Peer 1: 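This structure is in structure tokens; I'll ask about it shortly.
Worth saying up front: this structure is predicted, and the values here are computed from it rather than measured. Chain naming here is simple, since letters A, B, ... match the order of the sequence lines and numbering starts at 1 in each.
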There are 2 protein chains.
Amino acid sequence: MATPNTRDQIIIAADQLIYQQGFDHTSFTHIAEAVNISRGNFYYHFKSKDEILTAVINLRRSNTHQMLKQWEQEHTDPLQRLSCFIQILRMNQDKILRYGCPVGTLSTELLKLDHRASDDATMIFILFRTWLRRQFIALGLRSEADKHAMYLLAQSQGIATMANAFNDSDYLDTQVTQLLGWLDDLIQTTEDI
Amino acid sequence: MATPNTRDQIIIAADQLIYQQGFDHTSFTHIAEAVNISRGNFYYHFKSKDEILTAVINLRRSNTHQMLKQWEQEHTDPLQRLSCFIQILRMNQDKILRYGCPVGTLSTELLKLDHRASDDATMIFILFRTWLRRQFIALGLRSEADKHAMYLLAQSQGIATMANAFNDSDYLDTQVTQLLGWLDDLIQTTEDI
DNA sequence: GTCTATACCTGGATAGAC
DNA sequence: GTCTATCCAGGTATAGAC
């Protein structure tokens, strides 16, 4: 993998720092240290801090889109795709225990700050919601697809917030297993009909 | 009700502003404007911004404790007490749509900031968790009491985060109704045994 | 107790040399 | 493209008059 150019390095570092410290608290100094450039150099690549935020959100949207696409390519069974979604909680458990869910925490912060970009941040939620809905529809649950999609999103947010607050990896693990069980039950019921 | 003294006024204003804007973003200037005092006057009452945060968290802990005590006094039936908990989502829906859950969002922010007071913030979660557990035990569900307590906390966090992100009061309302239904089912099942 | 004045620092942002 | 130097606003915190 080639070394990314400075602009991309800035975005990647900002992405991580915003996740770890929050947007408001993340300063040019922080990012500059991570990328090893001077503070003044930012303004060649971005006009303002908000522009960096926009770039970070776009990166996250692109990464999310990419991830969802990959899940669709790797699994033809919607059940397995949904299980991929549930298991990101487990896969990212270390980060979630420390910093919570990157989607939820940024969305919440930007709404509190009354920031212009808060709608863009919500778009990542919408990306997941739409994708999840599609999988439930593929399972033949069209009329309840959006309800189930919102259910999975809310569960993930709830589990991430509690695992974060209580710093409890066992809890997170148990809840993931339980969610996978819920998915299984849903299908059992469907197939019985 | 007598006018609170300056110190209490500061704490009350800081409480609201921290909820609405986040701790990091809330400055002395913001609080000073809300209370109508000068910035310099803070340091007669508090040694630092962190000391104000501690006072705010203590206020919240005290208010939470008070609220839980009141629910116990108003209702002898644990079922009704639990229903009070669920319905705070509905009662505070306007604030939740704008600023999310005050308990969860502060806890998440302080953990991201790696702030000393983050354990104190988690204490509010523990207050709820312990109280909820007691109600489930009173319902005769001792072995699953903590599981149910965590379930209700996680549901509340998930619902609050999603309602906040999507600014959707209908969603919040529906989910509250559904949680109350879950509570009802839980008891039906118990009484059947 | 509350004020004004101010110190000091860090934030975002700009100008211009290289 | 990247740097240094610098500006200005805003942050926390202090000193001292009233």
Peer 1: When you measure from the side-chain N and O atoms of A:Thr29 to the phosphate of C:dT10, is any distance below 4.0 Å, counting only OP1 and OP2?
Peer 2: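 Checking A:Thr29 against C:dT10: no side-chain N or O falls below 4.0 Å of OP1 or OP2.
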Peer 1: Please report the distance, rounded to the nearest Å, between CG in B:Leu53 and P in D:dA13.
Peer 2: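 After rounding, the reported distance stands at 12 Å.
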Peer 1: Between D:dA13 and B:Tyr43, is there an OP1 or OP2 to side-chain N/O distance shorter than 4.0 Å?
Peer 2: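 Yes.
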Peer 1: Rounding to a whole Å, what distance do you find between A:Phe42:CZ and C:dA15:P?
Peer 2: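 So the two atoms are 18 Å apart, to the nearest Å.
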Peer 1: Look at B:Glu109 together with A:Lys112 and state whether they make a salt bridge at an N to O cut-off of under 4.0 Å.
Peer 2: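 No.
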Peer 1: Can any side-chain N or O of A:Lys49 pair as donor or acceptor with the backbone N or O of A:Phe23 at less than 3.5 Å?
Peer 2: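 Side chain of A:Lys49 to backbone of A:Phe23: a pair is present.
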Peer 1: Within this structure, what is the CZ-to-C1' distance between A:Arg39 and D:dC3, rounded to whole angstrom?
Peer 2: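 One finds 12 Å between C1' of D:dC3 and CZ of A:Arg39, rounded.
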Peer 1: Under 4.0 Å between a side-chain N or O of B:Ser48 and OP1 or OP2 of D:dT12?
Peer 2: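 False: B:Ser48 side-chain N/O out of range (4.0 Å or more) of D:dT12 OP1/OP2.
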Peer 1: Please compare A:Ser38 and B:His25 by the position of their nearest nucleotide in DNA chain D and report the one closer to 5'.
Peer 2: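 Per heavy-atom nearest nucleotide, the more 5' residue is A:Ser38.
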Peer 1: Would you check if A:Leu106 and A:Val56 make a side-chain contact, meaning some heavy-atom pair closer than 4.5 Å?
Peer 2: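 A:Leu106 vs A:Val56: side chains apart.
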Peer 1: Base, sugar-phosphate alone, or nothing: which one does A:Ser27 contact when heavy atoms must sit under 4.0 Å apart?
Peer 2: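 The answer is sugar-phosphate, as A:Ser27 gets under 4.0 Å only of primed atoms, P, OP1 or OP2.
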Peer 1: Rounded to whole Å, please give me the gap between CG in B:Asn5 and P in C:dG1.
Peer 2: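 That distance rounds to 9 Å.
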Peer 1: Rounding to an integer number of Å, can you tell me how far B:Ile31 CD1 sits from D:dG11 P?
Peer 2: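 From B:Ile31 CD1 to D:dG11 P: 11 Å.
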Peer 1: Measure CD/B:Gln21 against P/D:dG11 and give the value in whole Å, please.
Peer 2: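 One finds 10 Å between P of D:dG11 and CD of B:Gln21, rounded.
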Peer 1: Using OP1 and OP2 only, check whether a side-chain N or O of B:Asn41 sits under 4.0 Å from C:dC3.
Peer 2: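 Yes, B:Asn41 has a side-chain N/O under 4.0 Å of OP1/OP2 on C:dC3.
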Peer 1: Regarding B:Phe28, tell me which of base, sugar-phosphate or nothing describes its non-hydrogen contacts under 4.0 Å with the strands shown.
Peer 2: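 Sugar-phosphate only.
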Peer 1: Considering only heavy atoms from C-beta outward, does the side chain of B:Ile31 approach that of B:Phe42 to under 4.5 Å?
Peer 2: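 They are in side-chain contact.
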Peer 1: Roughly how many Å is it from NE2 in B:His30 to C1' in D:dT12, rounded to a whole number?
Peer 2: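 These atoms are roughly 14 Å apart.
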Peer 1: Are B:Gln87 and B:Ser83 close enough that a side-chain donor and a side-chain acceptor fall under 3.5 Å?
Peer 2: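 The answer is yes; a qualifying pair exists.
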Peer 1: What is the separation between atom CD1 on B:Ile10 and atom C1' on D:dT12, rounded to the nearest whole Å?
Peer 2: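 From B:Ile10 CD1 to D:dT12 C1': 15 Å.
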Peer 1: Can you check whether A:Tyr44 has a side-chain N or O nearer than 4.0 Å to OP1 or OP2 of D:dT2?
Peer 2: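 For D:dT2, neither OP1 nor OP2 has a side-chain N or O of A:Tyr44 closer than 4.0 Å.
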